[in-house]
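Note that the numbering runs from 1 along the sequence shown for the chain. Only a predicted model underlies this, so the values are computations on that prediction, with no experimental measurement involved.
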Amino acid sequence: MDSSPMSIPEKSRPREEVLDAMRSFGQADPDYKNGRTWSLVYYLGEEYTQFLKDAHGMFFSANGLNPMAFKSLKRFESEVIRMTATLLHGDENVCGTMTAGGTESCLLAVKTYRDIAKNKRLSVGKPEMILPESAHVAWEKGAKYFGVKAVHAPLDKNFRVNVNAVRKKINRRTIMILGSAPQYPHGMIDPIEDLGQLAREKNIPLHVDACVGGYLLPFVEQLGYEVPLFDFRIPGVTSISADTHKYGYAAKGASTILYRNIDYLKHQIFVYENWPGGIFASPAILGTRPGGSIAAAWAAMQAMGQEGYLENARVIMKTTRCLMDGVNSIKGLEVLGDPPMSLFAFHSIDKNVNIYAVGDCMEKKGWHIDRQQRPECLHAMVTPLHSDASSRYLTDLAEAVEYVRNHPELATQGAAAMYGMIANVPLRGMIRKEVLNMMADMYGPGGKMPDLAGGELPEDTEDTREQKTDWAAKAAMAFVKLKQKFGK
Ligand SMILES: *Cc1c(COP(=O)(O)O)cnc(C)c1O
């Protein structure tokens with residue numbers, strides 16, 4: 001490789017050559033088209049994807065920054081919000097905006113409720129919000145960005161937030177409470193009805209994070225599966241986020257946030273009247289908002305129709321139940337909780353089977369699987385595409401478990417050792433620091449990618465102590481790499 005600093009090529013390159021180069025860059029990426037990924041991608045095949053691209057392309061250059069300029073985009077946005085409000089049983093007062101993704105929707109809720117609290121009371125000290133321990137990491141980000149203290153409420157044995165614990169943590173600084181439908185790590189739905197009652201009683205806003213469930217749960221319910229209430233039917237719910245770019249099957253860069261009425265939404269909107277560039281008003285965090293993503297979200301909902309969403313939900317539920325039964329029937333494995341939707345996690349109940357080593361084996365077999373911690377487990381997010389991949393997945397998983405059982409040394413090698421260490425290192429500050437250093441390496445001069453080759457964990461002697469610290473750093477690197485692949 002050329003080691004001189006890279007600059008924009010002096011001469012323009014033939015476009016075909018550029019596209020070829022890009023294709024080759026993509027060759028090592030996860031194979032989502034064959035159902036090999038269990039997070040990140042919601043893919044419904046080439047034909048549907050081409051349709052989305054057409055819709056996206058039509059408004060590719062349009063900008064949703066100023067809602068008065070591109071009336072088409074404002075119309076798409078309003079209708080996406082309206083359709084979503086109806087789906088989530090909101091009345092005609094429910095309103096909201098589109099955002100670039102679930103994280104933006106969550107961040108906005110934090111900002112909105114912080115500002116409402118500030119407006120209502122003169123001084124509350126440092127604002128707090130109560131998050132279930134299973135809350136999506138976007139909420140931790142929101143806490144940091146907006147100076148709100150995240151107060152964590154523990155989960156019950158079924159991985160739903162303990163409502164009594166939430167009650168005890170409410171005080172005069174509490175600006176909002178959160179429930180998820182479902183939460184990402186274990187796929188469980190928090191007891192939203194109980195949270196709603198509590199929110200009403202204490203007169204505190206309740207946001208429901210339905211980023212991943214918003215466009216799937218209503219159809220799962222219609223199919224006759226048992227789904228606890230989670231939406232605007234519960235009076236205490238003041239806002240809901242739902243990601244069009246997940247089970248809405250829209251193009252990436254599209255999510256929604258809905259409020260029970262405009263009195264809440266008003267606090268989300270930003271206005272600055274003294275800018276030399278003109279009076280500025282913006283509904284969400286971004287300035288320029290990509291027209292393509294807004295347009296494609298509308299297109300997805302129109303082309304899919306309720307019947308399309310229902311049919312996909314049917315396939316997903318059948319596949320998920322079959323997968324969960326399959327996992328439970330593998331000796332040594334157990335699904336955590338009883339997830340009602342399409343997300344689940346499983347752990348090892350056999351001390352001779354290290355679950356991270358199982359993850360390594362699965363990766364060798366070509367599967368892209370997320371490792372989780374607290375408790376240590378593997379994760380799956382099921383899409384319609386997985387109906388063809390599931391039996392192969394289960395066969396491979398059973399093989400992997402047997403292999404790990406017969407090769408206990410795998411637990412102390414490669415990525416499994418890193419994950420094990422990361423999950424169990426008591427000095428979380430150290431992990432944090434190392435991960436930060438690694439990000440700095442990736443984004444700093446030279447853009448160094450971490451070496452994830454792994455290796456053997458040295459024996460625990462005085463001499464290896466220093467080496468082991470290095471190991472933890474390496475472990476931290478691996479963790480971030482996977483964390484980045486996490487979440488969708
Ligand atoms: C995916 C997800 C988010 C964040 O959404 P992004 O689109 O990845 O920013 C937030 N909450 C939950 C429950 C999610 O599943």
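At least one donor-acceptor pair closer than 3.5 Å links the side chain of D360 to the backbone N or O of A416. The backbone N or O of C377 sits nowhere less than 3.5 Å from a side-chain atom of Q372 that would complete a donor-acceptor pair. Under the 3.5 Å distance criterion, the side-chain polar atoms of H89 are left unmatched by any main-chain donor or acceptor of F232. Using a distance-only test at 3.5 Å, with no hydrogens or angles considered, no donor-acceptor pair links the side chain of R167 to the main chain of L198. A donor-acceptor pair is defined here as one N or O able to donate and one able to accept, closer than 3.5 Å; such a pair exists between the side chain of E104 and the backbone of A100. No donor-acceptor pair under 3.5 Å is formed between the side chain of S180 and the backbone N or O of P182. Of the possible polar contacts, none joining the T174 side chain to the I170 backbone as a donor-acceptor pair under 3.5 Å is found. T256 contributes a side-chain N or O that, together with a main-chain N or O of A242, makes up a donor-acceptor pair within less than 3.5 Å. The closest donor-acceptor contact from the side chain of D190 to the backbone of R160 lies at 3.5 Å or more, if one exists at all.
With contacts defined as side-chain heavy-atom distances shorter than 4.5 Å, the pair M341/V227 does not qualify. Residues V208 and S239 have side chains not in contact (no heavy-atom distance under 4.5 Å, counting atoms from C-beta outward). Side-chain atoms of D20 and R23, non-hydrogen and from C-beta on, do get closer than 4.5 Å to each other. V220 has its side chain out of reach of P340: every pair of non-hydrogen atoms, C-beta onward, lies at least 4.5 Å apart. In this structure, D194 and V166 have side chains that are not in contact, with every pair of non-hydrogen atoms separated by 4.5 Å or more. The shortest distance between side-chain heavy atoms of M301 and Y215 falls below 4.5 Å. Looking at heavy atoms from C-beta onward, L394 lies in side-chain contact with L323 at the 4.5 angstrom threshold. Side chains of P375 and L336 form a contact here, defined as non-hydrogen atoms less than 4.5 Å apart.
With respect to R405 and D350, a salt bridge is recorded, a charged nitrogen being found less than 4.0 Å from a carboxylate O. Between R82 and E79 no salt bridge is recorded (no basic side-chain N to carboxylate O distance below 4.0 Å). The existence of a salt bridge linking D396 and R392 is confirmed by a sub-4.0 Å separation between a basic side-chain nitrogen and an acidic carboxylate oxygen. With respect to the salt-bridge test (charged N to carboxylate O, under 4.0 angstrom), the residues K169 and E128 do not qualify.
S255 and D243 share a side-chain donor-acceptor pair at under 3.5 Å. Side-chain N/O atoms of S390 and T319 include no donor and acceptor closer than 3.5 Å. Judged purely by distance below 3.5 Å, without hydrogens or angles, the side chains of T383 and Y247 never pair a donor atom with an acceptor atom. Side-chain contact, E140 with H152: a donor N or O sits under 3.5 Å from an acceptor N or O. For the residue pair Y184 and S134, no side-chain donor N or O sits within less than 3.5 Å of a side-chain acceptor on the partner. Looking only at atom types and distance, the side chain of S39 has no donor-acceptor partner in the side chain of H379 under 3.5 Å away. A donor-acceptor contact under 3.5 angstrom links the side chains of H347 and E334, judged on distance only.
Using cut-offs of 30° and 60° for the angle between ring planes, the W298 and F76 rings count as tilted. Using cut-offs of 30° and 60° for the angle between ring planes, the W38 and H386 rings count as parallel. Aromatic ring orientation, Y259 versus Y264: parallel (interplanar angle below 30°, classes split at 30° and 60°). Between Y48 and F51, the ring planes are tilted. Angles from 30° to 60° get that label.
Residue T84 holds its OG1 atom at 12.0 Å from CG of D231, rounded to the nearest 0.5 Å. Remark: M418 CE to R371 CZ distance equals 10.0 Å, nearest 0.5 Å. Interatomic distance, L223 CG to E311 CD, rounded to the nearest 0.5 Å: 8.5 Å. The NZ atom of K448 sits 15.0 Å away from the OH atom of Y443 when rounded to the nearest 0.5 Å. Note that CD1 of I316 is 9.5 Å distant from OH of Y42, once rounded to the nearest 0.5 Å.
For OH of Y43, the number of neighbouring non-hydrogen atoms (other residues, nucleotides, ligands) closer than 6.0 Å is greater than 12. Within 6.0 Å of CZ in R321 there are more than 12 heavy atoms belonging to other residues, nucleotides or ligands. Annotation: E409, atom CD; neighbour count of heavy atoms from other residues, nucleotides and ligands within 6.0 Å is above 12.
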(message) Walk me through whether H136 and D209 qualify under side chain to side chain contact (heavy atoms under 4.5 Å, CB included).
(response) CA-CA 8 Å; H136 194 274; D209 183 352; 3.9 Å; yes
ask   = Please walk me through it: do T238 and Y113 pass side chain to side chain donor-acceptor pair (under 3.5 Å)?
value = CA-CA 10 Å; T238 51; Y113 291 131; 2.8 Å; yes
- request: Go through the steps to decide whether Y249 and T244 satisfy the test side chain to side chain donor-acceptor pair (under 3.5 Å), and finish with yes or no.
  value: CA-CA 6 Å; Y249 307 110; T244 345; over 6 Å; no
Margin query: For K365 and E399: C-alpha separation, side-chain torsions, deciding distance, then whether salt bridge (charged side-chain N to carboxylate O under 4.0 Å, His left out) applies.
Written below: CA-CA 10 Å; K365 290 170 188 281; E399 262 177 41; 2.7 Å; yes
- Message: One pair to check against ring pair (Phe, Tyr, Trp, His ring centres under 6.0 Å): F219 and Y309. What are the steps and the verdict?
- Response: CA-CA 7 Å; F219 299 103; Y309 285 122; 5.3 Å; yes
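When all heavy atoms of I240 and F230 are compared, the pair lying nearest together is CD1-O, 4.4 Å. Scanning all heavy atoms of the two residues, the minimum distance from T97 to Q268 falls at OG1-NE2, 3.0 Å. Residues M98 and R289 share a closest heavy-atom pair of O-NH1, 3.0 Å. Minimum heavy-atom separation, I355 to L333: CD1-CD2, 3.7 Å. Listed here is the closest heavy atom pair of V335 and N328: N-OD1, 2.9 Å. Taking all atoms of both residues into account, the shortest heavy-atom contact from F344 to P339 is CB-CG, 3.7 Å.
Residues forming a salt bridge (Lys or Arg N to Asp or Glu O under 4.0 Å) with D388 (at least two apart in sequence, or on another chain): none. With sequence neighbours left out, the ring-ring contact (aromatic ring centres under 6.0 Å, His included) criterion links H186 to F159. Taking R260 as the reference, nothing meets the salt bridge (Lys or Arg N to Asp or Glu O under 4.0 Å) condition, with sequence neighbours excluded. The salt bridge (Lys or Arg N to Asp or Glu O under 4.0 Å) test applied to E307 returns no partner, not counting sequence neighbours. In terms of the salt bridge (Lys or Arg N to Asp or Glu O under 4.0 Å) criterion, residue partners of K33 (sequence neighbours excluded) are, by chain and number, E46.
Residue pairs meeting the salt bridge (Lys or Arg N to Asp or Glu O under 4.0 Å) criterion with at least one partner in residues 211-224, sequence neighbours excluded, are E221-R233.
Results of the side chain to side chain donor-acceptor pair (under 3.5 Å) test with T99 over S105, S293, S241 single out S105 as the only residue that passes.
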